[in-house]
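To start, the structure under review is shown below, and the notes come after it.
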Amino acid sequence: MTAVEQRPARAGGSRRAGRAVAVRTSLTAWLGRPLADFHLLLAIFGMLTAIGLIMVLSASAPDAVAVGESAFSVFKKQLLYVGVGAVIFLVVLRIPLRTVRHGSTMAMLVSIVLLGLVLTPLGTSINGTQSWFKVGPVSLQPIEPAKLALALWGAHVLVTKRALLNQYRHLLVPVVPVALLLFALVMLQPDLTGTITLGVVLMSLLWFVGAPMRLFGVLVIAAVSGAVVLAITAAYRLDRLQSFLNPEDDPTGGGLQALQALYALAEGGFFGKGLTNGSSKWRYLPNVHSDFIFAVIGEELGFIGCLLVLGLFGLLAVVGLRIAARNTDPWIRMVSATLTVWLVAQAAINIGYVVQLLPVTGITLPMISSGGTSVVTTMVVFAILASCARHEPEAVAALRSLGPGRVGGVLKLPAPEAYKPPPRRRPSRPSTPPRGRKAAPPPVDERRMAGRHAPPSEYRRRESRKAGQDRDVRSRRRDGR
């Protein structure tokens, strides 16, 4: 090949490299803008909401028709909950985060009361679990707001006591005892999935506050031991574990959901069968519009649809942790990181048992699975994360100097408040000097020290005065003689 033939190839390669550099530079510049995280979070929120409504309609219609209901019955209920959640989303987005933090204690108390009341005859048992309050067509599952209350209140307590967290009694009390009380109330329902997500929230709080690793080792051992005991003592949990290990042994019983989910994903292929063309939702796969909706996504939208959902939750993880890193308020940092880990971990557990990497637990896929309380609570979480994004220092400066912006102007959002660190308290007693440095000696008051602790100059002055007095006394005696 001659030099003339090589020039076009080199020129084409250099142009492609130049375009890649330009795209990377423009993307980096856009991500460096003050409200980039806020806009990315709104985009993720909108796309997950749209995908959830479309897939709930597609997955629930055959089952609803089979039981004699309208094909849109589940979709209408889901759309109603999304509408209520959207209104609450806008309201929470306008509430100052300082007010949210101060109200977290009351939210925690209300959650404990509701979890206790759901165990009374006021609660309703569905599928062997007494976890709902049901009034007509409206149902409420108190475990969902309890997760959010634990994240907000736990971060408030740990940030308030952050100067004392090097002591275990301040690190663990009262957050861990209150979390254990929630675990006990949820397990009395019994609801193992709710306990798992509560455990994720608790572990996230302790991780982001900087708890020692030995504490996580103890908590993991305790959680594994508790899970083994619960699996052995309950027959249905033991059957679920055995069906996870060997689903082929009972393909029409305990292993039905796991096998049918894998068949649905395999039939979808790369591009999928197309919306409404899946066969698993025709009563082949139980709970298809709630627990196993990811299998319908894989069957109808294929690998591309699954990759889109995974990419959205991966982007949510990056944006949420970026919000936590760019804030200066320690409570906002801990809350945004904990809520992000909670949503992403819940999505990972749901997708994990659909693809048979984890035992079936019944955890919903956030914003996509059908479920009124879950959708509304998740929308509130997105509202708090969006508010945290607007409280980044650069975003606060831009919103206060340049105005609310295009999105803030449409939603009529108030300008966020800048973070003001609390004033330092004066110590009640003298603090000990840092290790490795010697404390400076206190100043010596030579006027007060007339005894043996006086400095040498005082000794000399005192001795000279005594000597002069003695001479005067002796001279008077001689004169008197």
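Model, not experiment: these values are computed from the prediction.
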**Study point:** V296 and L301: CA distance, side-chain angles, deciding distance, side chain to side chain contact (heavy atoms under 4.5 Å, CB included) verdict
**Key:** CA-CA 8 Å; V296 182; L301 301 181; over 6 Å; no
Practice item. Begin with the C-alpha distance, continue with both residues' side-chain angles, and end with the deciding distance and a verdict on salt bridge (Lys or Arg N to Asp or Glu O under 4.0 Å) for R33 and E394. Key: CA-CA 8 Å; R33 297 174 63 181; E394 295 181 359; over 6 Å; no
**Study point:** H156/S104 under side chain to side chain donor-acceptor pair (under 3.5 Å): CA gap, chis, key distance, verdict
**Key:** CA-CA 8 Å; H156 168 65; S104 61; 5.0 Å; no
Practice item. Decide yes or no on side chain to side chain contact (heavy atoms under 4.5 Å, CB included) for T105 and M108, but give the supporting numbers first. Key: CA-CA 5 Å; T105 303; M108 190 75 257; 5.7 Å; no
Exercise for review: For the pair I143 and L198, evaluate side chain to side chain contact (heavy atoms under 4.5 Å, CB included) and give the outcome as yes or no after the intermediate values.
Suggested key: CA-CA 9 Å; I143 180 60; L198 281 174; 3.5 Å; yes
Point to revise | Test side chain to side chain contact (heavy atoms under 4.5 Å, CB included) applied to V159 and R101, step by step | key: CA-CA 11 Å; V159 169; R101 177 178 179 179; 3.7 Å; yes
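Side-chain contact between W282 and D63 is absent, with no heavy-atom pair separated by less than 4.5 Å. Contact check for V220 versus V224: side-chain heavy atoms found under the 4.5 Å cut-off. The side-chain heavy atoms of Q141 and T377, taken from C-beta on, include no pair separated by under 4.5 Å. Contact of the F216 side chain with the I221 side chain is not registered, since no non-hydrogen atoms from C-beta on lie closer than 4.5 Å. Within the 4.5 Å cutoff, side-chain heavy atoms of V200 are placed close to those of S204. V92 has its side chain out of reach of M379: every pair of non-hydrogen atoms, C-beta onward, lies at least 4.5 Å apart. When side chains are defined from C-beta on, R162 does not count as touching L158, because their heavy atoms never get closer than 4.5 Å. Side-chain contact between Y263 and L285: absent, with no pair of heavy atoms (C-beta onward) separated by less than 4.5 Å.
With rounding to the nearest 0.5 angstrom, the CG atom of L185 is 12.0 Å from the CG atom of D191. In this structure, I297 CD1 and I293 CD1 are separated by 5.5 Å, a value rounded to the nearest 0.5 Å. The line from CG of L365 to CG of D291 is 10.5 Å long, rounded to the nearest 0.5 Å. Distance check: S387 OG to I384 CD1 gives 8.0 Å after rounding to the nearest 0.5 Å. The distance from the OG atom of S290 to the CD1 atom of I363 is 12.5 Å, given to the nearest 0.5 Å. Taking CD1 of I349 as the start and CG of L357 as the end, the distance is 12.5 Å to the nearest 0.5 Å.
Applying the side-chain contact (heavy atoms from CB on, under 4.5 Å) test to S58 and every residue at least two apart in sequence or in another chain returns T276, K281, E300. Looking at residues two or more places apart in sequence or on another chain, you find a side-chain contact (heavy atoms from CB on, under 4.5 Å) between I44 and L48, L315, L316, V319, F382.
Residues P404 and L399 share a closest heavy-atom pair of O-CD2, 3.5 Å. The minimum heavy-atom distance linking L97 with W331 is given by the pair O-CZ3, 3.8 Å. Counting all heavy atoms, side chain and backbone alike, A261 lies closest to V354 at CB-O, 3.6 Å. Nearest approach of A389 to I323, heavy atoms of both residues: CB-CD1, 3.6 Å. Heavy atoms only, all atoms of each residue included: P142 and L114 are closest at CB-CB, 3.8 Å. Here the closest non-hydrogen pair linking P393 and T328 is CG-CG2, 3.7 Å.
The environment of K273 atom NZ is dense: over 12 non-hydrogen atoms of other residues, nucleotides or ligands sit within 6.0 angstrom. Annotation for M187: atom CE counts as buried by contact number, over 12 foreign heavy atoms lying within 6.0 Å. A 6.0 Å sphere centred on CZ of F133 holds more than 12 heavy atoms belonging to other residues, nucleotides or ligands. At most 12 non-hydrogen atoms from other residues, nucleotides or ligands lie less than 6.0 angstrom from CZ of F72. Within a 6.0 Å radius of CH2 in W207, no more than 12 heavy atoms belonging to other residues, nucleotides or ligands are found.
Put simply, the side chain of S73 gets close to the backbone of S70: a donor and an acceptor are under 3.5 Å apart. Looking only at distances, a side-chain donor or acceptor of Q130 sits under 3.5 Å from a matching main-chain atom of V118. Here the side chain of T338 pairs no donor or acceptor atom with the backbone of A151 at under 3.5 angstrom. Within the 3.5 Å criterion, the main-chain N or O of G371 finds a donor-acceptor partner in the side chain of Q78. Remark: the backbone N or O of A107 is paired with a side-chain donor or acceptor of S111 at under 3.5 angstrom. Formation of a donor-acceptor pair under 3.5 Å by the R326 side chain with backbone atoms of L321 is not found in this model.
A side-chain donor from one of T197 and K147 sits under 3.5 Å from a side-chain acceptor of the other. Using modelled atom types and a 3.5 Å distance limit, the side chains of E299 and S280 yield a donor-acceptor pair. Between the side chains of Q189 and S131, at least one donor-acceptor pair of N or O atoms lies under 3.5 Å.
Less than 6.0 angstrom separates the ring centroid of F292 from the ring centroid of Y353.
Evaluation of the side-chain hydrogen bond (donor to acceptor under 3.5 Å, both in side chains) test over residues 396-411, restricted to residues two or more places apart or in two chains, returns none.
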